[in-house]
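FYI, side chains are in, hydrogens and waters are out, and symmetry mates aren't considered; it's all heavy atoms of this structure.
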Amino acid sequence: MLEIPESRIISLQANKALTGKRVLRVEPPSSPHKFAWYNGDPSAYDELLVGKKVVSVNGHGAHVHICLEDDTHLIISDGAILRYYSTEAECPAKFQLAVLFEDYSCMAVTIAMYGGIWACRGEFQNPYFQGSLHSISPLDDTFDASVFERIFQSTKTDMSVKALLATEQRIPGLRNGVLQDILFNAKIHPKRKKSTLADNEKGLLFHCLKTTLKVMTEQGGRDTEKDFHGVTGRYRTILSKNTLYLPCPRCEGKIIKEAYLGGSVYYCPFCQKI
């Protein structure tokens with residue numbers, strides 16, 4: 001899933017690989033997907049994008065934003081899988097969109113569960129994209145304690161820490177995946193009410209949010225995800241599907257997985273007391 005580390009890494013890789021390349025052809029979905037969301041008819045993307053040169057690629061929250069000539073854009077959202085291939089022959093047979101460039105390299109987008117693939121000219125008014133576009137990333141120095149405090153104070157006192165950090169896109173791109181290690185490092189249970197946090201715990205939560213995301217990004221993303229070239233991230237997740245049956249690395253207790261707020265949470269009941 002595209003979360004903060006992956007959108008940053010993939011956008012940097014795509015910017016290097018695609019900038020200056022001109023679109024030769026756009027292939028509509030070879031395998032229709034019920035939860036692939038488009039801006040209009042994807043068969044019209046060819047007419048919109050063909051002949052346009054890639055100007056830049058940027059990551060915003062849970063989005064990868066490809067800017068082309070003539071104020072034209074291709075935006076890939078959370079849930080979509082973006083891969084680059086040096087030749088068209090390497091492109092998978094099943095995809096939800098494929099873009100072929102004049103040098104015959106290819107970019108394919110596939111959807112696992114759900115995801116957006118939006119092409120447009122001019123400003124794209126999707127609220128989630130706009131929220132990401134105009135937010136401050138925790139990876140940036142400008143996301144400081146005062147920014148975190150404003151987010152913290154803007155929500156109800158009885159809200160859980162998971163709800164605070166990973167719902168309503170208060171911090172775009174911080175989703176359920178990266179949340180687990182942030183909370184483990186801060187020793188905070190995902191169901192704990194934010195009103196119960198002492199000032200030092202809130203300070204530690206802010207610190208772990210910043211540092212955990214920074215390390216994830218510096219190490220090429222999480223080991224549950226792959227980058228633009230299909231390479232698995234080098235960051236070894238502490239709490240994830242990869243580690244569920246391993247003992248807690250801090251106390252060697254049993255890790256718990258349970259459903260909460262529309263997704264699974266992982267936690268150590270001894271190190272992250274509620």
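Residues Arg222 and Glu6 are paired through a salt bridge, judged by an N-O separation under 4.0 Å between the basic side chain and the carboxylate. Taking 4.0 Å as the cut-off between side-chain N and carboxylate O, Asp78 and Arg175 count as a salt-bridged pair.
Counted within 6.0 Å of CZ on Arg236, heavy atoms from surrounding residues, nucleotides or ligands total 12 or fewer; the atom is thus considered open.
Residue pairs satisfying the side chain to side chain donor-acceptor pair (under 3.5 Å) criterion with at least one member in residues 22-32, sequence neighbours excluded, are listed as follows: Arg22-Glu69, Arg25-Glu27, Arg25-Glu88.
Put simply, the side chain of Gln13 never gets that close to the backbone of Asp227: no donor and acceptor are under 3.5 Å apart. Without hydrogens or angle criteria, Lys21 side chain to Lys53 main chain gives no donor-acceptor distance under 3.5 Å. Proximity of a side-chain donor or acceptor of Tyr45 to a complementary backbone N or O of Ala119 within less than 3.5 Å is detected. Judged by distance alone, the side chain of Gln180 and the main-chain N or O of Asn176 form a donor-acceptor pair under 3.5 Å. Between the side chain of Ser11 and the backbone N or O of Gly59 there is at least one donor-acceptor pair closer than 3.5 Å. Ser240 places no side-chain N or O within 3.5 Å of a backbone atom of Thr237 that could act as its donor or acceptor partner. Within the 3.5 Å criterion, the main-chain N or O of Lys191 finds no donor-acceptor partner in the side chain of Ser160.
The side-chain contact (heavy atoms from CB on, under 4.5 Å) test applied to Ser146 returns Asp144, Arg150, not counting sequence neighbours. With sequence neighbours left out, Phe124 forms a ring-ring contact (aromatic ring centres under 6.0 Å, His included) with Trp118. When the side-chain hydrogen bond (donor to acceptor under 3.5 Å, both in side chains) test is applied to Arg170, the partners found at least two apart in sequence or on another chain are Thr167. Annotation: side-chain hydrogen bond (donor to acceptor under 3.5 Å, both in side chains) contacts of Thr212 (sequence neighbours excluded): Asn185. Taking Asn15 as the reference, Thr19, Ser56, Val57 meet the side-chain contact (heavy atoms from CB on, under 4.5 Å) condition, with sequence neighbours excluded. Looking at residues two or more places apart in sequence or on another chain, you find a side-chain contact (heavy atoms from CB on, under 4.5 Å) between Lys187 and Arg250. Scanning for side-chain contact (heavy atoms from CB on, under 4.5 Å) contacts around Glu149 gives Gln153, Lys202, with sequence neighbours left out. Not counting sequence neighbours, the partners of His65 by the ring-ring contact (aromatic ring centres under 6.0 Å, His included) test are His60, His73, Phe129. In this structure Tyr235 satisfies the side-chain hydrogen bond (donor to acceptor under 3.5 Å, both in side chains) test together with Asp181, sequence neighbours excluded. Considering only residues two or more places apart in sequence or on other chains, His189 meets the ring-ring contact (aromatic ring centres under 6.0 Å, His included) condition with Tyr267. With sequence neighbours left out, the ring-ring contact (aromatic ring centres under 6.0 Å, His included) criterion links Phe148 to Phe206.
The hydrophobic clustering, which links ILVMFWY residues whose side-chain heavy atoms are closer than 4.5 Å, places Met1 and Leu209 apart.
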